[in-house]
Amino acid sequence: MVEVVRRYGRLWWLFLLNSLAVELEYRAAMISESVLALSRLGWQLAGIWVFFVHRERIGTWTLWEAAVVLGLFIFFDGLIEAFFRPNMEAIIEHIRTGTLDFVLLKPVDAQFLATVRWVRFRHFGDMLAGMGLIAYALLRLRRTPPLWGLVSLWALMLAAAVILYSILLVLVTLAFWFVDVTNIIELVWSVYEAGRVPVDAFPDVVRVVLTFIIPIAFITTVPAEALLGRVTPTFASLSLFMATISLAISTGFWRYALRHYTSASS
Amino acid sequence: MHPGEPVIQVDRLKRYYRVHHRRPGMWGALVSFFHREYTYVRAVDDISFSLEAGEIVGFLGPNGAGKTTTLKVLSGLLYPTAGRVSVLGFEPFRREKDFLKQITLVMGQKNQLIWDLPAADTFLLNKEIYEIPDDEYRATLAELDELLELGPLMTKQVRKLSLGERMKCELAAALLHRPRVLFLDEPTIGLDVTMQAKIREFIAEYNRRHGATILLTSHYMADVTALCERVIIIHHGRLIYDGPLQTLAERTAPYKVLTITFRSPVPREVLQNLGHVVQYEALRVTLHVPREETAKRAAQLLAQAQVEDVTIEDPPIEEVIATIFREKEAG
């Protein structure tokens, strides 16, 4: 077991080095992306600021509390762009051109090899911007997060990342049947946009959907509540539970798709 | 796998797949969006063969004959519809780690090298993926470098390499783990003649040194004649020949080719008595003569005419194979 973890750890380290080397090949993209990250942050902030000019609260959330949610949204947006999107694009390309064969013939777990292969470091800027916004919002709220909040924050953010990974894995796996799923992925992007504001801002029905069907609530709202010291242990464990379930479902679907691929393709 | 057992065993393999058809035009596109008509294609239909350790076998057939499908079943990418397949004692479709570490698949039309980085980076990654110990990696890479003359190619970004240079690096990347079984699908496709020859020499040398078992498909008969003593020919998913390349010509082309250069012109009628005149120019003539009478007819010719030069050859293998396929189509 320890040996397996070390082996996959070494492989991931190599993936990171490869990704960085590729990125350094394209300097202009790296620089322009970092500038873009800052301007995006500005526009996002302007968006909620305009809202709070007219209203004091969204649901039970004040301006700077909602800014924590927005910070998490920006952070995870960067995480998707940095860690998930390049791999999704690569998988679709593998399926379209048939180079998935090389992935399947390696003596390494195909899901690992296909889904964590590439990282786009240029999007780390967005993740930093998100973190910065969270820190600034806490400062404005003059609130030090409780120890329990900080500890649970990390667990909840990990759960959020796993949930995102699972949603995106299910979508990209559809490519085994439909080949080009870029549009389906764009559709989900627009659903993810809902994570920009706390879920309580939505009507009940939407809130239930965003909690249990497409669990966006666990990505931004729940970790934010942890930081603000409002999360209940029940909800925190629900988040971890949802993460486990999503991962199991998406991995199962991926394996099913691979079996389909080897029995149906030519 | 027990010693002495064939490395590759294929027993009554069938592989069918479903394709959907679409009528042409916008209406056809619309109809097929809602209602798809499927038919089953018998890509491989009941074929059996086996390969002994160290053999290089040419796998021939026109486009769509089922060559690539068979290679994919053998390497574990496709599940057989029926029949039994065993490679090195493994069932390929299980894709067990110990199996994957002993085989390799090279596809002339597809790349595994990382496009934006030098090939050396892919090599290092494969070292880790195949868990190759440091000293073994160094030794293998040095050997591949020597045989393929990789040198500076390894440190240039793959996207900047020529097609031939890239193929050399592809082969190196595919062989770092010293596989015992090689599946080569059109490894020389699109390369110029010199590069094709180099790749061929490499494959032959690799086989000599390591006794690897190799199943190779190619559209270039030069690859096959240079590398394979034995060929397997399939057509429409069925096996139509499995045996020595030599006897293929004898069996299916019952004639030899005589090319004669005369000192002075010879009337066409004289030549027609000796064999089938294929080409007739002033002093240069090509004849097809019955195989078993080759010697006799050649002697007659030398006695009857002023001959400057004469060569006797088997018909080109392309022609032999083309004849087989024509006959199969017709009958």
Side-chain angles (χ1 to χ4, degrees), chain A residues 3-4 6-27 29-30 86 89-90 93-114 116-118 120 176-179 255-256 258-266, chain B residues 15-19 38 41 43-44 64 66 68-69 71-73 75-81 92-107 109-118 120-122 124-131 157 159-160 170 173-174 177 179 183 185:
Chain A
E3 192 37 51
V4 173
R6 279 182 43 170
R7 172 166 145 72
Y8 280 85
R10 271 201 307 272
L11 275 173
W12 197 55
W13 176 243
L14 270 181
F15 293 168
L16 290 179
L17 292 179
N18 279 174
S19 302
L20 191 60
V22 168
E23 203 132 30
L24 293 175
E25 286 276 308
Y26 299 101
R27 275 180 303 183
M30 191 138 186
E89 284 170 3
E93 188 66 10
H94 278 319
I95 293 173
R96 216 171 53 75
T97 61
T99 46
L100 189 72
D101 293 349
F102 290 122
V103 175
L104 297 179
L105 290 184
K106 295 286 189 290
V108 175
D109 181 70
Q111 187 184 346
F112 174 79
L113 196 51
V116 302
R117 178 68 185 86
W118 297 106
R120 273 190 201 135
F176 282 98
W177 287 272
F178 305 118
V179 184
R255 296 208 173 142
Y256 170 77
L258 278 191
R259 276 200 304 279
H260 164 82
Y261 181 73
T262 55
S263 68
S265 66
S266 58
Chain B
R15 168 72 207 189
Y16 299 171
Y17 59 90
R18 211 166 67 142
V19 285
Y38 292 99
V41 172
V44 175
T68 303
T69 304
L71 286 191
K72 283 187 169 186
V73 172
S75 54
L77 289 167
L78 291 178
Y79 195 94
T81 307
F93 62 86
R94 293 186 189 280
R95 290 204 296 276
E96 287 163 77
K97 208 168 127 183
D98 290 335
F99 167 71
L100 296 176
K101 280 186 169 184
Q102 298 187 66
I103 64 146
T104 204
L105 172 68
V106 175
M107 294 178 277
Q109 321 231 46
K110 294 177 193 170
N111 289 299
Q112 70 157 317
L113 298 170
I114 305 168
W115 192 245
D116 284 319
L117 297 183
D121 283 297
T122 308
L124 276 173
L125 187 65
N126 279 2
K127 170 185 185 292
E128 208 62 55
I129 285 176
Y130 287 99
E131 301 174 279
Q157 287 98 324
R159 65 169 191 273
K160 293 182 182 160
E170 279 288 334
H177 60 292
F183 300 113
D185 194 11

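Within every chain, numbering begins at 1; the chains are lettered A, B, ... in the order of the sequence lines, protein sequences first and strands thereafter.
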(message) For the OH atom on A:Tyr26, are there more than 12 heavy atoms of other groups (residues, nucleotides or ligands in this structure) within a distance under 6.0 Å?
(response) yes

(request) Please round to the nearest 0.5 Å and tell me the distance separating atom CZ of A:Arg117 and atom CG of B:Leu125. (result) 5.0 Å

(request) Kindly compute the distance separating CG (B:Leu117) from OG (A:Ser19), expressed to the nearest 0.5 Å. (result) 9.0 Å

(message) If we define contacts as heavy-atom pairs under 4.5 Å, which of A:Leu11, A:Asp101, A:Thr97 has the most with chain B?
(response) A:Asp101

(message) Taking every non-hydrogen pair under 4.5 Å, which of B:Arg159, B:Lys101, B:His177 racks up the most with chain A?
(response) B:Arg159

(request) Please examine the side chains of B:Asn111 and A:Phe102, heavy atoms only from C-beta on, and report whether any two atoms are closer than 4.5 Å. (result) no

(request) Report yes if the side chains of A:Leu104 and B:Leu100 come closer than 4.5 Å at any heavy-atom pair, otherwise no. (result) no

(request) Calculate, to the nearest 0.5 Å, the distance between atoms CD1 and CG belonging to B:Ile129 and A:Leu113 respectively. (result) 5.0 Å

(request) Check whether any side-chain heavy atom of A:Leu105 sits under 4.5 Å from a side-chain heavy atom of B:Gln112, and report yes or no. (result) no

(message) Once rounded to the nearest 0.5 Å, what's the spacing between atom OH of B:Tyr130 and atom NZ of A:Lys106?
(response) 4.5 Å

(message) Which heavy atom of B:Lys110 sits nearest to which heavy atom of A:Gly98, and what is that distance?
(response) NZ-O, 3.5 Å

(message) Counting only heavy atoms from other residues, nucleotides and ligands, does the tally under 6.0 Å from CH2 of A:Trp12 exceed 12?
(response) no

(message) What's the separation between atom CD in B:Gln109 and atom OG1 in A:Thr99, rounded to the nearest 0.5 Å?
(response) 13.0 Å

(message) Quick check: do B:Ile114 and A:Trp118 have side-chain heavy atoms less than 4.5 Å from each other?
(response) yes

(request) Considering only NZ, NE, NH1 and NH2 on the basic side and carboxylate oxygens on the acidic side, decide whether A:Arg10 and B:Glu131 come within less than 4.0 Å. (result) no

(request) State, with a plain yes or no, whether a side-chain heavy atom of B:Glu128 is found less than 4.5 Å away from one of A:Val108. (result) no

(message) Using side-chain heavy atoms (C-beta onward) and a distance below 4.5 Å, is B:Asp121 in contact with A:Asn18?
(response) yes

